[in-house]
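Quick caveat: nothing in here was measured; it's all calculated off a predicted structure. Sequence lines set the chain letters: A, B, ... in the order given, protein chains first and strands last, and positions in each chain run from 1.
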Amino acid sequence: MAVQDKLYHVLGAKQFSRSELEELFAASRAMEDVVRAGGDRRHAGRIMTTLFFEASTRTRLSFESAMNRLGGSVIGTENAAQFSSAIKGETLEDTIRIITGYSDLIVMRHTEIGAAKRAAAVSGVPVLNAGDGAGEHPTQALLDAYTIQKECGGLDGLSIAMVGDLAYGRTVHSLSYILANFKDVKIYYISPENVPIPPSVKHYMDDKGVRYEETTDLNAVAGSVDVLYQTRIQKERFPSPEEYDKAAGQYIVDAELMSRMRRDAIVLHPLPRAGEIAEEVDADPRAAYFRQAQNGLYIRMALIDRALQAE
Amino acid sequence: MAVQDKLYHVLGAKQFSRSELEELFAASRAMEDVVRAGGDRRHAGRIMTTLFFEASTRTRLSFESAMNRLGGSVIGTENAAQFSSAIKGETLEDTIRIITGYSDLIVMRHTEIGAAKRAAAVSGVPVLNAGDGAGEHPTQALLDAYTIQKECGGLDGLSIAMVGDLAYGRTVHSLSYILANFKDVKIYYISPENVPIPPSVKHYMDDKGVRYEETTDLNAVAGSVDVLYQTRIQKERFPSPEEYDKAAGQYIVDAELMSRMRRDAIVLHPLPRAGEIAEEVDADPRAAYFRQAQNGLYIRMALIDRALQAE
Amino acid sequence: MAVQDKLYHVLGAKQFSRSELEELFAASRAMEDVVRAGGDRRHAGRIMTTLFFEASTRTRLSFESAMNRLGGSVIGTENAAQFSSAIKGETLEDTIRIITGYSDLIVMRHTEIGAAKRAAAVSGVPVLNAGDGAGEHPTQALLDAYTIQKECGGLDGLSIAMVGDLAYGRTVHSLSYILANFKDVKIYYISPENVPIPPSVKHYMDDKGVRYEETTDLNAVAGSVDVLYQTRIQKERFPSPEEYDKAAGQYIVDAELMSRMRRDAIVLHPLPRAGEIAEEVDADPRAAYFRQAQNGLYIRMALIDRALQAE
C-alpha cells in the first residue's frame, strides 16, 4: 500500500488546490507547443490502458491522442461492460488488480459513482477518472477551467453563468469545485425549476465563500457575465414532453442571445450539443466550445505526463 | 478555410485523373518494397483516427496496418454508431470538428451517402473515405484498378466483366469511374434483370466515351474478357427466395466457368464472398482475389503517405 | 505450404515437450526483467493482430501489453463476431487469408473447437490460440504451469488438486496435458458428480502414466496438496438452482479451508472468480492467483518473441 500512496491519481475536482491548478495550466500550455512541434517521445515504451465500462468516444480518443503525442502506447476497450469478465461477475477491484500489471497508467470510465476511488484503492498504477456515473468527470472540469483561464486571461473576479440541467449535469458540479479555488468568482446557476443545482454543491460553495445566485431567467443574466457555460437538458428529466419543450426552449443560445452578451464574453459547452446552441453561433468569435474541446487534449497530456513522472 | 483547401482528401473515385492514378500506382508499388523490408518509420509520431460509424473489420485493419507500417499510431473506434455522441444527437460536422484536433488524418466509414464530403468540409486534417453508405468506396476501387494494372500489365485496351448485383454494389460503380480514365476499355455489365447497372453510371461512361454492354449471360462473355470482376448478390434484393436462387445460381464462378476463360485472364472479387466463387477456384493461378486484398494495404499506404506529405 | 510449416504456431497444450516448456519458462523469467526495465524495442515495426471472435478483455489486453512491451504495434478487434465480414458469411479461412497480409502475427479467440488449427492451416504468419470454444486455451495453461514452477520451485513430484466444473472448464484439461510432461505428478480431480473430468483427459493421463484420483470431497484432499487449482462452477450446468447451490457451496475456498492447507501450498484460479474464493483469502501469501494473472504477461511476451524470431 505504501507504493500506491505515492501514485498520482486524478479522482475528483475537489482534490486540486489553486497552486496545483496553476501548475497544471502552465503544463497544458507547454503541451500546446509540443503538439505544434508534432509531439515528442518522452513516454515511449510506456503503456496506458483505457478501461471504458461505458462508451465515450470523444473522451477516449482525446486521452489516446494525448498518450500517443507523448510517444506512449495504448491498449484498451471501447465498451468493457458488454465484453469483459464483468459479465461473469468479476468485481471492479479484481479487474483492476489484474489490469494493473499490464500497463503504466489506467484511464477509467465507469457507470457507478465512486468507481474511480475504488479502482485507485487497489491499483498499482495511477488512475485517471474519465467519468464515474453521476459522480465526477474531473478532466472535463479541468479543461473547462483551463479554457476560461486562457480565453479570459485568468479566473479571479469572473462571473460565470452555468445553464441547463444543473441537477444531473456532473460537469457543472465539478467545474464549481474547481472555481472555488479562485477569488471573487460569482456564479449564476440558471436552470428549469425541476433540475436546480443540488444542495451539496451549494454547501460546498458556501463553505468556500463563493458567491452564487440561482435563477430561471437566462435573458436577465446573459448581458452581465464573462462566461456562459451552456449544457444539455435531458428530455427524460421532465414529467411531459410539453414541459420539456417549454424548459429547453428558454435556454437556447442563438444569435439573438449572443447580441445581449458582452463583447469580451465567451460561450462554453462540454459537447455534444443537441440544439441548445444554434449553429449560427459557431462563427461568432465568442463561441469558444470547439477551442474548449481542443484544450482537452492539452490538459490530458499534462495529466498523463504528471502521472507518469510521479510514478 | 484556406488551409483546408490544401488538404489531400480522398472522397470519391471520380476525383482521380489518369496521371494521378499512375503516380498512385507507382507509389503503391514502392510500398510493396517498404513492407518487404519490414516497414519504415517515416510517419513516426503522426496519428491516424479510424472513425467507423459502421463496422468493416477488414477495411479498418487494412488502413491501420498501413499506418503502422509507416511508423504512425492509430486511435479509433470499431463501431462509432453504437457508442459515440452520435447517439446523443451530435451532428457529423460537430464530431469531425472535435476529432480533427486529435489526429493528423481521419479515415471514416459512414452509413450515409455524402458523409465523407460533409466531413472534409469541416475537417482540419485530410479525410480518407472508407465507404459512405451506398455512395462511394474509393480506396476499394483504387486497389481493384491497381490489381488489374499489376496483373495485366496495364489498363488500356482491356475488356472487363463486372458480374452480380450491379444496382446496389458500389464497388462496381467506383471501379467504372476509375476505368474511364484509360483508353479502349470495354466493360460488360452482367447482372440479373432486377439489379442492373444504374443509368447514372452509364451516363458517366457515355460522357467519357467508354464502351460497355449489358447482358444477363455470363457464360457468353466469360471466354472473351481479360478480367472477371465478381461480386455478391444480396438475397434481400429479390422478390422471393426462388428468384434469388435462380439468379445467384447463374453467376457462380467455378472450375467449369474457369475452363471457358482465357489463360491470361484474372478473376477478382472485393470479398467477402459467400458462395459466388467456389473454393475449387482458389488454387487456379488466375484467381487473383487474395492478391487483390493484399494490394489494399499498398494502396492505403500510398494514400496515407500522400495525405500526410501534403498536409 | 512449405513456408507455413516453419511458422511457430501455438495451437494446443499437447504440442509442448518438456524441454520446450523449460525453455519457455526460462524465456518468461527473462521477460520479467525486460518489463522491470520498462520494456524494450526488439520488435519495433512488427504488427500483431488480435482477432477476437468473442470478447475476452483480460486475455486480449494481456497479449496487447506483451506486444507493446517488446516495441511492437497492435491492430485488432474487440469482438469480430458482431462486426466482421463473418456476418456476411465469410469463412474463417477466407478471413485469415486476408488478415495474414496485414500483420506479422495473429492472436485469435474463436467460439469453435479447432478454429485455431484451421486458421494456422491457411495463415502466412504465426497463429497464437487465445482460446477456441470448448477446445483449448494453451496460453492459460502455460501461464498456470509457469506459475506453479515459479511458486513451487519446479513441477516434478507435485500433487495438484483441480477443483470445480472439470467437464466444461477447458483450463483444467489443457493444464493436465502440460503437467503430463513432468515426473511423479499426482492430480486430484475434485468436482460435483455431474461435471467430472472427461474420459478423453483421463485416457491421455493414463497413456502418459500420470497418477490421478477423482473425488467429490475437497476437504479430504486440501491438506495434502502443493497446489489447489480452483475454477468456477457454472449455474447453467445444473438441473436446478438448489442443486447448483449445494454443489457450489462445497467448493468455496475460504479462511477455514486455507487453515487446512499446508503452509507451503498455493491457491490458483484462472479468474475471473465469482464467489468461489472468498475475498478474505486474498491477503494470505499462499493466494497466488493475482501473481498468476501477472505471469500471463511474461508467458505471452515469451511466446510472441519466439513466434516473431522463428518467422
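- Chosen from C/Gly38, C/Ala293, C/Gly39, C/Ser62, the residue pairing most often with chain A at heavy-atom distances under 4.5 Å is C/Ser62.
- The OG1 atom of A/Thr100 sits 11.0 Å away from atom CZ of C/Phe290, with the distance rounded to the nearest 0.5 Å.
- To the nearest 0.5 Å, atom CE of residue C/Met67 and atom OG of residue A/Ser73 are 10.5 Å apart.
- Atom OH of A/Tyr168 has 12 or fewer heavy atoms from other residues, nucleotides or ligands within 6.0 Å.
- Only the side chain of C/Gln294 has a heavy atom closer than 4.5 Å to any heavy atom of chain A.
- In this structure, chain A has a heavy atom under 4.5 Å from the side chain of C/Arg41, while its backbone stays farther away.
- Annotation: side chain of C/Arg58 is in contact with side chain of A/Glu90 (closest heavy-atom distance under 4.5 Å).
- In this structure, the separation between CZ on A/Arg97 and CG on C/Leu271 is 10.5 Å, given to the nearest 0.5 Å.
- For A/Ile99, the part sitting under 4.5 Å from any heavy atom of chain C is the side chain, from C-beta outward, and nothing else.
- The CG atom of C/Asn68 lies 13.5 Å from the OH atom of A/Tyr102; values are rounded to the nearest 0.5 Å.
- The closest donor-acceptor contact from the side chain of C/Arg60 to the backbone of A/Gly76 lies under 3.5 Å.
- Interface summary for chain A: among C/Asp282, C/Leu61, C/Val74, the most heavy-atom pairs under 4.5 angstrom belong to C/Leu61.
- The CD1 atom of A/Ile75 lies 13.0 Å from the CZ atom of C/Phe63; values are rounded to the nearest 0.5 Å.
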